[in-house]
Structures are given as C-alpha cells and as structure tokens.
2 protein chains.
Amino acid sequence: MNEVKGSAGLPGTLVFRLGTLGATMSDRFAERIERHRLKPKHVGLLTALGQGSFASQQDLAGQLGVAPSLVVSLADHLETLGAVRRVRDPRDRRRQALTLTDRGHELLAACTAEARALDAELTAHLGESERQALHTALGSLAARAGLPTD
Amino acid sequence: MNEVKGSAGLPGTLVFRLGTLGATMSDRFAERIERHRLKPKHVGLLTALGQGSFASQQDLAGQLGVAPSLVVSLADHLETLGAVRRVRDPRDRRRQALTLTDRGHELLAACTAEARALDAELTAHLGESERQALHTALGSLAARAGLPTD
DNA sequence: TATTGTTATACTCTATAACTATA
DNA sequence: TATAGTTATAGAGTATAACAATA
C-alpha cells in the first residue's frame with residue numbers, strides 16, 4: 001500500500017500560505033499608503049498609539065517588538081507629518097510620551113479605509129459567512145501566536 | 001443614533017492580520033530551517049524547482065518575483081550545499097537549468113516537515129473541520145491574489 | 001545587436017553601540 | 001551610576017546597472 005507521499009507539499013502548508021499571502025498583502029498595502037508618505041511600520045506605530053497610551057517610547061518599542069532607535073526615526077517622520085506630538089513627562093524629563101494629533105487620527109482612519117478596501121477586493125468572491133469564518137479563524141490564530149488580537 | 005465607529009479598526013482587517021501573522025510565522029520558520037543553513041527564499045527556490053521545470057534562471061526569477069541576480073546568489077548557496085546542480089543547455093550555451101539533487105529533495109522534505117510541525121502547533125486548538133476550512137479559505141485567497149495555489 | 005548569467009554597486013531596513021541629558 | 005532618548009555605525013537583504021560569454 002503506497003503512502004500518498006507529499007500529497008500536499010510545502011506550498012499547501014499554513015506557514016507557506018500565510019507567509020506568501022502576508023508578504024503580498026503588505027506590499028500592496030504599502031503601495032496604497034505611499035501617497036500619505038507612510039509605510040507599514042508607521043501605521044503600526046499609529047495603531048498602537050490609537051489603542052493605548054504609552055508612558056515612554058521604550059514601552060512602545062517593546063510593544064511593537066522593534067529597537068528603541070527605530071521608534072525614534074518612525075516618530076521623527078510622523079512628527080514631520082504632524083501626526084504625532086512628543087510631550088515631555090514633567091516628573092521625569094528624560095521621558096517623552098507620544099500622542100496622536102487630529103491629523104494622526106485622520107491618517108490612521110485613511111489607512112484603515114485602504115485596508116478595508118483591500119480586504120473587500122481580496123474576499124469579493126466569498127460569501128458573507130465565509131468571510132466571517134475567515135476573520136474568526138485568523139483572529140484565533142493571531143491570539144495563539146501571541147499577537148495583539150484587537 | 002451613534003455609528004459604531006471603528007468597531008473593528010485596522011487590527012481587525014484581513015490585511016493587518018495576514019501581514020502580522022505571515023511575518024511572525026515566516027520568522028519562526030526561518031529559525032527552524034537555520035540548522036539546514038537555509039532561509040525562506042532558498043526554500044522558495046527549492047519548492048519552485050520541485051514543482052516544475054524551468055528553462056532558465058531568468059524564468060525562475062520571474063516565477064519567484066525576484067531579480068535575476070538574486071537567483072544567482074540563492075543558487076550559489078544551494079549549490080554549495082549540494083542541493084542543486086547547474087547544467088548548461090547544449091543547444092543554447094548561455095542558459096543554465098537548475099535541477100534538484102537527491103540532497104535537494106531531502107532538504108525540501110525536511111523543510112516541509114518543519115512547516116507541518118509549525119502548522120500543527122498553530123492549529124492545535126482547532127477542530128479538524130475548522131482546520132480544513134482554514135486551509136480551503138487561505139487557498140482561495142492565495143488564488144485570488146495570483147499566488148501559486150499548489 | 002540581443003540575451004543569459006554574473007559581478008559590482010547602491011539602497012533600504014533595522015539592529016547594536018556610542019553618546020547626551022536627566023535622574 | 002543608571003536610564004530615556006538620540007545619533008552613529010554596521011549588517012542583512014535585495015535591486016539596478018555594468019560586464020562577459022554566447023547567440
């Protein structure tokens with residue numbers, strides 16, 4: 001009796017599919033937010049700021065999983081765009097808290113709209129229940145992988 | 001009547017979930033294949049070779065969506081590992097066809113096993129029917145995004 | 001002259017390490 | 001002396017452009 005060896009090879013694995021799909025979608029997203037002079041990492045920073053408040057840039061670096069020096073350059077750029085402000089903590093003048101400006105909220109909303117548009121294109125061939133199931137499943141995987149679920 | 005504005009913000013979009021999950025999974029996969037001295041791009045090349053026959057390295061570059069010069073360095077490394085061979089086309093001596101060696105097949109199988117192990121860890125909390133549905137849905141998205149479906 | 005593979009070069013992204021100011 | 005933020009430097013990864021062999 002033969003084994004069905006490799007019936008679904010590497011391209012059939014979740015790891016491969018998530019990796020390739022994720023990279024492709026990120027690239028397309030990057031193209032669309034280019035006109036706002038933003039890159040995905042900037043949007044990640046805006047998103048983090050939109051969700052919670054961080055005592056310091058280092059907290060933020062930890063949350064995003066990037067080096068503190070990267071937060072500096074991301075924040076520099078966002079400050080140039082008027083999307084964030086740095087405010088010194090009066091009780092410990094070494095610390096700076098980043099806050100979203102109105103412009104920052106606008107940009108975040110614009111990027112969210114782009115993401116939703118991409119979502120719609122990608123799932124146009126699916127029924128509503130399938131779309132829902134996909135959302136649920138990916139949310140569950142994200143939680144399992146230790147990523148922010150929402 | 002208030003709109004439920006931003007009830008599911010950017011982190012709830014497929015683009016965001018696929019992007020972050022894909023990056024995380026790729027990183028973990030990269031860690032695991034490091035001991036074979038391979039990186040994801042090498043595995044991508046091996047996979048392409050394992051699936052079809054390509055006339056030239058440039059065809060391959062097109063298929064993988066990378067620059068021809070990158071195929072050269074990937075192939076160099078794989079040749080060092082004994083995973084691929086370059087054979088000149090006798091009818092057009094400019095062309096070289098890359099072929100998988102036995103060692104190449106072994107390495108591809110080992111990487112596939114790593115990917116399956118990661119899959120299992122990631123979906124350990126799901127039932128079989130949910131796992132199946134996820135596979136189907138992602139395959140469908142991949143096809144829609146113009147990626148190799150299998 | 002056009003094309004394949006290769007090599008040389010440059011650019012982007014990000015991390016590590018050195019530095020400044022506050023504590 | 002230790003810590004937050006910044007700046008300087010270095011490395012990985014990949015693309016573009018110049019080049020050599022073959023057509």
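Just so we're on the same page: letters track the sequence lines, and every chain starts at 1.
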Visitor: Is it true that, when you exclude Arg93(A) itself, more than 12 heavy atoms of the residues, nucleotides or ligands shown sit nearer than 6.0 Å to its CZ?
Guide: no
Visitor: Looking at every non-hydrogen atom in both residues, tell me the closest pair between Ala48(B) and Leu60(B) and how far apart they are.
Guide: CB-CD1, 4.0 Å
Visitor: How long is the line joining CZ of Arg95(B) and P of dT3(C), in whole Å?
Guide: 11 Å
Visitor: Take the protein atom NE2 of His77(B) and the nucleotide atom C1' of dG13(D), then report the distance between them rounded to whole Å.
Guide: 14 Å
Visitor: Is there a donor-acceptor pair under 3.5 Å between the side chain of His42(A) and the backbone N or O of Lys39(A)?
Guide: yes
Visitor: When you look at CD of Glu34(A), are more than 12 heavy atoms from neighbouring residues, nucleotides or ligands closer to it than 6.0 Å?
Guide: no
Visitor: State which residue, out of Glu31(A), Arg28(A), Arg35(A), fulfils the side-chain contact (heavy atoms from CB on, under 4.5 Å) condition with Glu114(A).
Guide: Arg35(A)
Visitor: Take atom CG of Leu74(B) and atom P of dA12(D), then tell me their distance rounded to the nearest Å.
Guide: 15 Å
Visitor: Pick the nucleotide of DNA chain D nearest each of Ser73(A) and Asp92(A); which residue has the one closer to the 5' end?
Guide: Asp92(A)
Visitor: What nitrogen or oxygen pairs link the protein and nucleotides 17-21 of chain D at under 3.5 Å?
Guide:
none

Visitor: Inspect the surroundings of CZ in Arg144(B) and state if more than 12 heavy atoms from other residues, nucleotides or ligands are less than 6.0 Å away.
Guide: yes
Visitor: Can you confirm whether more than 12 heavy atoms, excluding those of Arg37(B), are under 6.0 Å from its CZ atom?
Guide: no
Visitor: Mind listing the residues from residues 25-43 of chain A sitting with a heavy atom below 4.0 Å of DNA chain C? Number order is fine.
Guide: Lys39(A), Lys41(A)
Visitor: What's the closest nucleotide to the Val72(A) side chain, out of dT7(D), dG5(C), dT16(D)?
Guide: dT7(D)
Visitor: To the side chain of Gln57(A), which of dA4(D), dT6(D), dT4(C) is closest?
Guide: dT6(D)
Visitor: Please give, in whole Å, the distance from dA8(D) P to Asp76(A) CG?
Guide: 12 Å
Visitor: Between dA4(D) and Gln58(A), is there an OP1 or OP2 to side-chain N/O distance shorter than 4.0 Å?
Guide: yes
Visitor: What's the CG-P distance between Asp59(B) and dT3(C), to the nearest Å?
Guide: 14 Å
Visitor: Tell me whether the OP1 or OP2 atom of dA23(D) has a side-chain N or O from Arg88(B) closer than 4.0 Å.
Guide: no
Visitor: Rounded to the nearest Å, what distance is computed from the CZ atom of residue Arg93(A) to the P atom of nucleotide dA23(C)?
Guide: 7 Å
Visitor: Mind calculating the distance between CG (Asp89(A)) and P (dA23(C)) to the nearest angstrom?
Guide: 9 Å
Visitor: Which heavy-atom pair separates His36(A) from Leu81(A) by the least distance, and what is that distance?
Guide: O-CD1, 3.9 Å
Visitor: Would you find a donor on one side and an acceptor on the other, under 3.5 Å apart, between the side chain of Thr13(A) and the backbone of Leu10(A)?
Guide: yes
Visitor: Can you check the Leu70(B) CG to dG13(D) C1' distance for me, whole Å?
Guide: 8 Å
Visitor: Taking the side chain of Val66(A) as heavy atoms from C-beta outward, which of dT7(D), dT16(D), dA15(C) is closest to it?
Guide: dA15(C)
